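These numbers were taken from a predicted model, which means no experiment stands behind them.
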Amino acid sequence: METMFASFTSSGITVSSFLLCSLVALLCGALIAFTYTRRTRFTQSLVLAVILLPFAVQTVIMLVNGNIGTGVAVAGAFGLVRFRSAPGNAKDISVIFVAMAVGLACGSGYIALSVLFTVIACAVLYLLVFFRIGADRSGEKELSITIPESIDYTEVFDDIFKEYTTHAELTE
């Protein structure tokens with residue numbers, strides 16, 4: 001049982017070990033993306049990123065292969081990517097972090113561990129969404145309206161909001 005969770009790439013990177021790690025990373029990413037799309041709002045770009053992210057991280061980790069200096073540089077690059085991208089909600093960021101963890105495990109050669117982690121993370125994610133843990137039950141919704149800057153919009157929608165809402169707030 002302990003050898004099942006040993007590193008697959010501890011003896012070096014071969015074409016077959018790279019392909020196996022890549023296949024597992026892509027399959028785990030696809031499973032995470034599939035689970036994420038059940039009962040939740042999503043964008044195509046996030047789904048594609050979650051599928052490809054484990055593969056990309058796995059490849060980078062295999063290239064770093066224990067070099068501390070390169071590892072620190074890669075961590076800095078991941079930080080820059082995060083802060084240069086559009087902010088997402090906490091669930092999106094968590095799913096991205098799970099995908100990165102799967103890629104890290106695959107890149108380190110821990111194939112069985114990455115699959116086990118993926119299955120557990122997907123089961124937990126699905127159960128949390130299914131039982132609506134942390135869902136907003138207040139009935140409040142957010143409406144975004146985009147209009148040209150040339151229009152004085154401060155009071156344009158007041159009549160509609162008064163008729164169809166109990167509360168409306170203008171934020172710029």
Using the rule that two of Ile, Leu, Val, Met, Phe, Trp, Tyr join whenever any of their side-chain heavy atoms come within less than 4.5 Å, decide whether [X] and [Y] are in one cluster.
X	Y	result
Leu127	Phe34	no
Leu23	Val57	no
Ile111	Leu27	no
Val95	Leu104	yes
Val15	Leu63	no

What distance do [X] atom [atom1] and [Y] atom [atom2] have between them, rounded to the nearest 0.5 Å?
X	Y	atom1	atom2	answer
Leu128	Ile133	CG	CD1	6.0 Å
Leu125	Thr40	CG	OG1	8.0 Å
Thr118	Leu113	OG1	CG	9.0 Å
Ile61	Met100	CD1	CE	8.5 Å
Ile96	Leu46	CD1	CG	5.0 Å
Leu52	Leu26	CG	CG	7.0 Å

Where do [X] and [Y] come nearest, in terms of heavy atoms and distance?
X	Y	value
Val102	Pro54	CG1-CB, 4.1 Å
Tyr36	Arg41	OH-O, 3.9 Å
Ile32	Cys122	CA-SG, 3.6 Å
Ala30	Ile51	CA-CG1, 3.9 Å
Val24	Cys106	CG1-SG, 3.8 Å
Gly107	Met62	O-CG, 3.3 Å

(message) Would the distance check show the side chain of Ser22 and the main-chain N or O of Phe18 forming a donor-acceptor pair, the cut-off being under 3.5 Å?
(response) yes

(message) Show, in sequence, the C-alpha distance, side-chain angles and deciding distance for Arg38 and Phe130, and conclude whether the side chain to side chain contact (heavy atoms under 4.5 Å, CB included) test is met.
(response) CA-CA 9 Å; Arg38 304 298 101 198; Phe130 181 79; over 6 Å; no

(request) Please lay out, stage by stage, how Phe117 and Val98 fare under the test side chain to side chain contact (heavy atoms under 4.5 Å, CB included). (result) CA-CA 9 Å; Phe117 174 69; Val98 167; 3.9 Å; yes

